[in-house]
Student: 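Before we start, here is the structure in question, set down as structure tokens.
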Amino acid sequence: KYPSSMGIVFYMPIILVLSVIGLPFSLLVSSQLAEIISISLLFYLIAIGLSSVHISIKRKSVKFLVSAPIYIIQHFSIGLGLLAGLIRKL
């Protein structure tokens, strides 16, 4: 509805979804492309893990370490929803 309000941060979940979907296909096309996508996904997972550790330390509670898989599921779900919305607009 308001595409001008969507900054680069809103496209990150879409990039995550496209990376996960595109990884098997990139293996068929180019091993270098597959390596770039794999490394990018690894950095994403490391960032999520570090974020969860940071929140756990900040809140002084180990239970926030569980937030890592929740973040991944949430980002993937948001990415799917945004991608579906963009496709529907076309």
Student: Starting at OG of S26, measure out to CD1 of I36 and round the result to the nearest 0.5 Å.
Tutor: 9.5 Å
Student: To the nearest 0.5 Å, how far apart are CG in L83 and CD1 in I15?
Tutor: 11.0 Å
Student: Report whether L80 and F25 are members of the same hydrophobic cluster (ILVMFWY, side-chain heavy atoms less than 4.5 Å apart, transitive linking).
Tutor: yes
Student: Are L86 and Y11 side-chain neighbours, meaning at least one heavy-atom pair lies under 4.5 Å?
Tutor: yes
Student: Answer yes or no: does atom CZ of F76 have more than 12 heavy-atom neighbours from other residues, nucleotides or ligands under 6.0 Å?
Tutor: yes
Student: Is there a path of hydrophobic side-chain contacts, each under 4.5 Å between heavy atoms of I/L/V/M/F/W/Y residues, joining L65 to L50?
Tutor: no
Student: State the OG-CZ distance between S67 and R59, to the nearest 0.5 angstrom.
Tutor: 10.0 Å
Student: With the side chain counted from C-beta on, respond yes when S52 and Y71 share a heavy-atom pair under 4.5 Å apart, and no when they do not.
Tutor: yes
Student: Is there a side-chain contact between V62 and S56 in this structure, where contact means two heavy atoms from C-beta onward sitting under 4.5 Å apart?
Tutor: no
Student: Going through the checks in order, is the side-chain contact (heavy atoms from CB on, under 4.5 Å) test met by S19 and L41?
Tutor: CA-CA 8 Å; S19 296; L41 288 171; 4.0 Å; yes
Student: Hey, any chance I73 and L16 share a hydrophobic cluster, counting ILVMFWY side chains that come within less than 4.5 Å of each other, even indirectly?
Tutor: no
Student: Are any of the side-chain heavy atoms of I48 and H75 separated by less than 4.5 Å?
Tutor: yes
Student: Enter the distance from E35:CD to L27:CG here, rounded to the nearest 0.5 Å.
Tutor: 11.0 Å
Student: Following the transitive rule for hydrophobic clusters with a side-chain heavy-atom cut-off under 4.5 Å over Ile, Leu, Val, Met, Phe, Trp and Tyr, establish whether Y44 and I21 coincide in one cluster.
Tutor: yes
Student: Answer with yes or no whether the hydrophobic clustering places L45 together with L23; edges join I, L, V, M, F, W, Y residues whose side-chain heavy atoms lie under 4.5 Å apart.
Tutor: yes
Student: Which value, rounded to the nearest 0.5 Å, describes the distance between I37 atom CD1 and L18 atom CG?
Tutor: 9.5 Å
Student: Strictly distance-based, threshold 3.5 Å: is any side-chain N or O of S61 a donor or acceptor partner for the main-chain N or O of F64?
Tutor: no
